[in-house]
Asker: 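Have a look at the structure that comes next, please.
For ligands, and for the atoms within them, numbers begin at 1 and follow the listed sequence.
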Amino acid sequence: MLKTAAIVGVTSALWAAGQHGLSLCGFLIPKLSGLHLAVLAAGVYLTTGGVHTLWLVYHTLPRDLKAGIRFLKVKAKLKLALFHNLTVPKVFMENVRKNPNKVAFIYEGQEWTFTQVDEYSNRIGNFMIEQGFKHGDSIALYMYNRPEYVCTWLGRAKVGIVPALINFNLQNVSLVHSIKVADCKAVICGIELQASIKEVLEELNLPVFISGCGNTAPVIKGTTNLDPLLCASNPTPPHQIDSVKPNDRLIYIYTSGTTGLPKAAVIKHIRFMFFVTATHYMLGLSEDEIIYNPLPLYHTAGGMVGIGQVLLFNNTAVIRQKFSVSQYWVEAKKYGCTVGQYVGEICRYLLSAPPKPEDTQHKVRVMFGNGVRQQIWEQFTSRFNMPRIAEFYGATEGIANIVNLEGKPGSCGFLSLLFPDAVRCYLIKVDEETGEPVRDANGLCIKCKPGEPGEFVGIIKRSDPLRDFQGYADKKATQKKLVENVLRKGDIAFKSGDILVQDEFGYMYFKDRTGDTFRWRGENVSSTEVEGIVSKIADHKDAVVYGVEVPGCEGRAGMAAIVDPNNELDIKEFSEGIKKPLPVYARPLFLRLISEIDVTGTFKLKKLALQKEGFNPSLVRGNPYYLDNKLGQYVELTPELYSQIEGGKAGL
Ligand SMILES: *[C@@H]1O[C@H](CO)[C@@H](O)[C@H](O)[C@H]1NC(C)=O
Ligand SMILES: *[C@@H]1O[C@H](CO)[C@@H](O)[C@H](O)[C@H]1NC(C)=O
Ligand SMILES: *[C@@H]1O[C@H](CO)[C@@H](O)[C@H](O)[C@H]1NC(C)=O
Ligand SMILES: *[C@@H]1O[C@H](CO)[C@@H](O)[C@H](O)[C@H]1NC(C)=O
């Protein structure tokens with residue numbers, strides 16, 4: 001009884017504090033006397049939901065406090081960085097001074113110490129200045145993952161030149177687009193990508209430096225061999241480093257949408273530090289972690305959050321040219337890794353690999369990333385003996401970020417229900433088909449209640465560098481991510497583009513991309529959810545689900561494409577398998593087995609092309625199937641059956 005009263009007392013104090021921003025709690029609590037507590041407790045009990053509140057406090061207060069305190073630590077650290085005009089290279093160089101010989105990167109057998117990284121990057125910075133590039137110019141970096149990758153961008157950052165980190169899978173049109181959209185003045189290209197840059201050299205019409213040739217001349221005419229020039233360049237810190245400020249641009253990272261051309265998101269020094277510091281403190285990492293980071297370094301998770309732990313927190317990272325399913329645990333064990341990173345479908349790929357002893361012989365105690373589906377969460381933690389998956393949610397460029405601190409299965413983070421305004425992120429109701437926010441009588445957005453899916457948004461505050469949306473290099477693209485008049489007239493929010501849903505404790509679950517939900521038989525179906533289930537039943541094969549239009553039917557019917565190059569899928573078993581987890585309206589009406597699927601650089605599956613192809617058996621490759629609901633079975637979709645469906649005679 002006494003304990004409950006005490007908890008309520010503390011909560012009510014926090015509650016009051018919550019109204020003035022979380023940062024006050026630390027000061028308020030010690031000043032409250034017993035009497036205050038009792039009065040507050042009674043007050044809260046009577047004025048709020050009574051038993052429900054108590055129950056909520058009991059279940060969520062410890063979590064909220066833990067997160068709140070860690071978040072304050074992050075904020076304090078960043079305030080300090082701003083005050084001292086700290087930048088990413090400056091913090092890094094402080095670490096170099098303290099641990100010159102510690103290993104920063106392990107790459108396919110090579111080790112690079114902090115000093116080596118520092119010197120290489122100094123040479124780059126000095127060289128760029130000698131070449132006449134200046135503070136604020138952007139230069140593209142087009143290279144496979146290797147230690148030079150980080151050194152090269154860090155070196156430019158030391159002199160205020162903004163590296164545009166180009167996805168190394170891009171070619172031709174999209175390559176040119178990415179370089180142009182960031183207004184790059186030159187390109188540094190890895191030797192392994194010479195052929196791709198050669199194709200577009202004329203169109204780019206920019207100076208190109210080739211890295212990694214050593215003493216041999218680059219094969220392409222009209223380009224410069226970077227290596228000998230770097231050897232001749234000065235390895236001491238460029239003096240321009242002091243002219244760089246925390247609010248300057250550090251890098252451009254391209255968002256890897258599953259649709260459309262890539263957009264270059266602006267990452268300032270302070271934002272980089274925020275992401276990295278938040279990850280470090282929220283996850284409770286130490287300074288001795290060895291991070292297994294096989295992710296592409298041009299993207300947020302690998303290149304910013306992962307590499308940032310090395311640059312700002314003195315950790316060691318194992319990087320590799322490309323992610324390999326079979327090497328993940330083998331290398332994690334070999335290098336004594338303590339943290340593992342993943343993105344997209346990586347965890348599912350790991351699960352679909354045959355078991356081997358290394359699965360449980362490694363020392364990784366937290367997996368960090370984004371993209372583990374709810375359906376495989378527990379299977380993953382048990383097979384790989386993983387104490388914790390720290391799934392986070394947040395866009396590279398966005399200001400709405402959350403993280404799952406406690407390994408709550410399937411969740412990508414939480415928003416406190418006791419302090420709903422603590423981080424100024426919300427779920428708002430949207431029309432599931434058009435993706436537009438639903439407005440109330442006053443023209444404002446409507447907040448979702450627990451259980452109601454909505455789009456995740458973060459309110460922008462221009463004066464706060466942590467809550468300011470810095471947009472894209474392209475202004476028009478920036479406008480599309482904003483929504484006005486959200487909770488009050490005149491406010492503005494960043495739209496994540498994703499539908500999430502919150503449970504009764506405030507845990508958040510990813511549901512779907514906006515626009516990916518389809519409606520069938522009057523019910524809204526999340527294709528992400530169905531994908532998770534379909535893939536699980538199909539033995540963790542790659543699968544995508546999308547809606548296709550059926551003449552004469554309202555909405556769109558579900559269609560699943562499963563990657564099955566060796567014809568292993570047992571259609572009968574599959575038909576049975578989906579019955580239990582999926583209600584009738586959510587079961588894919590059409591099914592297609594394909595031999596491969598396009599994957600983005602961040603291991604997400606591309607579905608747009610498949611969706612466009614539809615289900616016409618005379619047009620699509622491979623035999624499509626149709627779910628005959630009377631038989632409860634998938635049957636081959638013959639041209640006859642197809643024309644029945646087309647003519648509206650299949651009794652749908
Ligand atoms: C940070 O930079 C600003 C101007 O850019 C300067 O006025 C200020 O004194 C600097 N702060 C510190 C602590 O050096
Ligand atoms: C590159 O794009 C151009 C223009 O779209 C096209 O004509 C050319 O065939 C493409 N080259 C390759 C190698 O795909
Ligand atoms: C960096 O790591 C080394 C070795 O793990 C440790 O001895 C050192 O104290 C750390 N330095 C800082 C500044 O954290
Ligand atoms: C499905 O979404 C539409 C559009 O947002 C909404 O009007 C409708 O009520 C939803 N239906 C169900 C069953 O949730």
Asker: Check step by step if side-chain contact (heavy atoms from CB on, under 4.5 Å) holds for Val150 and Leu297.
Answerer: CA-CA 8 Å; Val150 182; Leu297 296 181; 4.1 Å; yes
Asker: If you have a sec, work out which protein heavy atom is nearest atom 11 (N) of ligand 1 and how many Å separate them, to one decimal?
Answerer: Asn85 ND2, 3.0 Å
Asker: Could you check whether Asn122 and Lys158, counting side-chain N and O atoms only, form a donor-acceptor pair closer than 3.5 Å?
Answerer: yes
Asker: Got a protein heavy atom sitting under 4.0 Å from atom 2 (O) of ligand 1?
Answerer: yes
Asker: Please confirm whether the ring centroid of Tyr335 lies under 6.0 Å from the ring centroid of Tyr292.
Answerer: no
Asker: Take Phe168 and Tyr298 through the test ring-ring contact (aromatic ring centres under 6.0 Å, His included) and record every step on the way to the result.
Answerer: CA-CA 8 Å; Phe168 53 67; Tyr298 56 77; 5.1 Å; yes
Asker: Looking at atom 5 (O) of ligand 1, is any protein heavy atom nearer than 4.0 Å to it?
Answerer: yes
Asker: With heavy atoms of Phe83 as the reference, note each atom of ligand 1 found under 4.0 Å away.
Answerer: 11 (N), 12 (C), 13 (C)
